[in-house]
Amino acid sequence: MSEQEQKAPQNTNQIIAERRAKLATLRETGAAFPNDFRRNHLASDLHKKYGDQSNDTLEKDPISVEVAGRMILKRVMGKASFATIQDMSGHIQLYISNDITGESAHAAFKHFDLGDILGVHGTLFITKSGELTIRVKSLRLLTKSLRPLPEKFHGLTDQEQKYRQRYLDLISNEDTRKVFLTRSRIIQSIRAFFEERGYLEVETPMMHPIPGGAAARPFITHHNALNMDFYLRIAPELYLKRLVVSGMEKVFEINRSFRNEGISTRHNPEFTMLEFYEAYQDHIYLMNLTETLIRELAIKVLGTTEISYQGYKINLSNPFLRLSITQAIQKFHPEHTDAQLNDRAYLIKKLEALNISYKPEDGIGKLQLSLFDETTEHLLMDPTFIVDYPSDVSPLARRNDKNPGVTDRFELYITGREMANGFSELNDPEDQAARFQEQVRAKESGDKEAMHYDGDYIRALEHGLPPTAGEGIGIDRLIMLLTDSPSIRDVILFPHLRRED
RNA sequence: GGGUCGUUAGCUCAGCUGGUAGAGCAACGGACUCUUAAUCCGAAGGUCGGGAGUUCGAUCCUCCCACGACCCA
């Protein structure tokens, strides 16, 4: 006993010390962490099934139930008590009294703490104020909680603690639980959407010998047995297109990708993306499919296409706008004429005035894109496809037949944020090899985000990639939109933070 | 990397040109058999994020550091 006390971590905190003492007593009297209790109902199921019944009906033919959960509220009134327990489905109230539960069991209950996990057996009734409640016949402490819960009314509000101790945030904040429930439903609905359309869900490597599929800096790791470095994937794109070569003509992957870049309200080092590829389709088809997908998700998950993001109202049933880069600039900055936006000297002058860096070798399209990124992107609140991206910033996209300086590519913007990026795939192996070479040159002259030359991918293209359309959608950002969350950290269960010390 | 703001009891928050800290919840003792964030009474709980400086004296002013939030690159 004294030995056990010495081994226990020293805790000066009074509350934890008191709870440890209660646990020590439990250990002396039997199994302190039993696992022989079985529940047969969830709280919300009971409310759905019996919540509307009259007390007379419930009392006449008593319904016996076993439920379990964490005690989150407790009201002791001498010879009788009320408590609320919470399980994965919701809450239910308990009524414990000397009459029914027995004096000693009630006395024991009085020493249970908020946060303790209880197993309860009893019958249902309706209180005078109309709440479905379990009249407890017996109850057990299944797991002793040694640490106090956050304040019961306000819950946990400290942002840092919400992220670091997400379990506490989830215990005490209904809104947080709702966000992650919605997240789960969105991902299920995406899966159903593509499965209904005959797509095959696949899993491709997360460890890449050559990082590819996006312009981004990768994380590097090492495989000991092979004695080689691997890169955590920045995108699954090149593997998915290898699969289209293989004959899997419609594939999708809900993938975790990793980018070794800054952290912000829109960026987490690891994030979830949806990528999908379909042979014998083009980027126009993708835009239509994307509109349908986002609309269907909203209806399935929220029950409406009328959403509000941080106070801005968006009706997703309106057709999504489709604008070229210069049309988008002019929409918000009509002072620029067509002639000016196609004049190198004018664009450079404007970029310099805005203190935006550019390279002397940048083509007209890239200069336009730089101006767009700085002045217009963040203003695209309503869903807008930006089309006709310059070839030199789209090394994996098919060139436009009429204008080879641009590609058959689009990005989708909603609430000023990039949500999706899709294009008709570049399936000409010789053009792809030349574009990789260009990327290698850019990398050599210091562009850390430029792509590597992927010889095996070229070899795959040489076997023949059918004409294909492919797209990536940022799932975290889509979830932010549909849950009205201001930060990507609010939709990721365990966002990355600096080490606490 | 730069700027702004924040860090006080387990949690939610107060704290007045600078005089070494308060409330509510939780927890502890007591009263209470239909409560709903139960109520009432009592007692307890603090290295004011860390460090240095100014001062007779610092939660408060200055500087550095840590962590976080937001904005910018």
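Throughout, a chain's letter reflects where its sequence line sits, starting with A, and its residues are numbered from 1.
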When the distance from [atom1] of [X] to [atom2] of [N] is rounded to whole Å, what number comes out?
X	N	atom1	atom2	answer
A:Gln14	B:C11	CD	P	15 Å
A:Asn98	B:C34	CG	P	13 Å
A:Asp99	B:U33	CG	C1'	7 Å
A:Arg266	B:C71	CZ	C1'	10 Å
A:Arg164	B:C11	CZ	P	14 Å
A:Asp158	B:C25	CG	P	21 Å
A:Lys162	B:U12	NZ	P	10 Å
A:Asp116	B:A26	CG	C1'	13 Å

Between [N] and [M], how many Å separate the two [atom1] atoms, rounded to a whole number?
N	M	atom1	result
B:G30	B:A44	C1'	15 Å
B:A9	B:C5	P	22 Å
B:G50	B:U8	P	10 Å
B:A66	B:G51	P	15 Å
B:A58	B:U12	C1'	26 Å
B:U4	B:C65	P	14 Å
B:U17	B:A26	C1'	37 Å
B:C63	B:A21	P	26 Å

| How are the rings of A:Phe385 and A:Phe410 set to each other: parallel, tilted or perpendicular (split at 30° and 60°)? |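 Taking A:Phe410 first and then A:Phe385, their aromatic rings stand perpendicular (interplane angle over 60°).
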Counting side-chain heavy atoms from CB outward, which of [options] is closest to [X]?
X	options	value
A:His111	B:G68, B:A37, B:G29	B:G29
A:Thr265	B:C71, B:U12, B:C67	B:C71
A:Lys152	B:A26, B:A69, B:C67	B:A26
A:Leu497	B:G45, B:G68, B:A26	B:G68
A:Lys22	B:C70, B:U35, B:C28	B:C28

Detail all sub-3.5 Å separations between protein N/O atoms and N/O atoms belonging to nucleotides 5-10 of chain B.
from, atom 1, to, atom 2, distance (Å)
B:G10, OP1, A:Asn13, ND2, 3.2

Any salt bridge between [X] and [Y], counting N to O under 4.0 Å?
X	Y	value
A:Asp113	A:Lys74	no
A:Glu174	A:Arg177	yes
A:Glu361	A:Lys366	no
A:Asp343	A:Lys349	no

| query | So which one's nearest nucleotide on RNA chain B is more toward 5', A:His496 or A:Lys128? | reply |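 This one resolves to A:Lys128.
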| query | Who passes ring pair (Phe, Tyr, Trp, His ring centres under 6.0 Å) against A:Phe494, sequence neighbours left out? | reply |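 Result, ring pair (Phe, Tyr, Trp, His ring centres under 6.0 Å) vs A:Phe494: none returned.
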| Which residues share a ring pair (Phe, Tyr, Trp, His ring centres under 6.0 Å) with A:Phe180, sequence neighbours left out |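 Partners of A:Phe180 by the ring pair (Phe, Tyr, Trp, His ring centres under 6.0 Å) criterion come out as none, since no residue qualifies.
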Please classify the nucleic acid contact of [X] as base, sugar-phosphate, or nothing, using heavy-atom distances under 4.0 Å.
X	answer
A:Glu374	sugar-phosphate
A:Thr127	base
A:Gly155	sugar-phosphate
A:Phe125	base

For [X], enumerate each residue passing the side chain to side chain donor-acceptor pair (under 3.5 Å) test, keeping only those at least two apart in sequence or located in another chain.
X	value
A:Arg344	none
A:Thr376	none
A:His154	A:Glu151
A:Tyr163	A:Gln159, A:Asp490

| Any residue of residues 71-96 of chain A with a heavy atom less than 4.0 Å from an atom of RNA chain B |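 By residue number: A:Leu73, A:Arg75, A:Val76, A:Met77, A:Gly78, A:Lys79, A:Ala80, A:Phe82, A:Gln93, A:Tyr95.
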| request: With a 4.0 Å heavy-atom cut-off, tell me which residues in residues 132-146 of chain A come close to RNA chain B, sorted by residue number. | output: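 By residue number: none to list.
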| task | Can you tell me which residue pairs pass the ring-ring contact (aromatic ring centres under 6.0 Å, His included) test with a partner in residues 59-101 of chain A, sequence neighbours excluded? | result |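 Only A:Phe82-A:Tyr95, A:Tyr95-A:Phe125 qualify under ring-ring contact (aromatic ring centres under 6.0 Å, His included).
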Just list the side-chain donor-acceptor pairs under 3.5 Å for residues 102-111 of chain A, sequence neighbours left out, or say none.
from, atom 1, to, atom 2, distance (Å)
A:His106, ND1, A:Asn98, OD1, 2.8
A:His106, NE2, A:Ser81, OG, 2.6
A:Lys110, NZ, A:Gly78, O, 2.8

| Inter-residue atom distance A:Gln161.CD - A:Asp169.CG, 0.5 Å rounding |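 If we round to the nearest 0.5 Å, A:Gln161:CD and A:Asp169:CG are 9.5 Å apart.
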| said: Within this structure, what is the CG-CG distance for the pair A:Asp382 and A:Leu316, rounded to the nearest 0.5 Å? | reply: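 That separation rounds to 9.5 Å.
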Please state whether the phosphate of [N], meaning OP1 or OP2, lies under 4.0 angstrom from any side-chain nitrogen or oxygen of [X].
X	N	answer
A:Ser97	B:U33	no
A:Ser264	B:A69	no
A:Arg489	B:C70	yes

| said: Could you write out RNA chain B as dot-bracket? Rules: Watson-Crick or G-U wobble, both distances under 3.5 Å, brackets [ ] for crossings, | for pairs with another strand, dot for unpaired. | reply: (((((((..((((.....[..))))..((((.......))))......(((((..]....)))))))))))).
| task | May I have the step-by-step check of salt bridge (Lys or Arg N to Asp or Glu O under 4.0 Å) for A:Arg266 and A:Asp476, ending in yes or no? | result | CA-CA 9 Å; A:Arg266 293 180 293 282; A:Asp476 306 295; over 6 Å; no
| query | With no hydrogens and no angle check, is any side-chain donor or acceptor of A:Thr483 less than 3.5 Å from a backbone partner on A:Val179? | reply |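 A pair under 3.5 Å: no.
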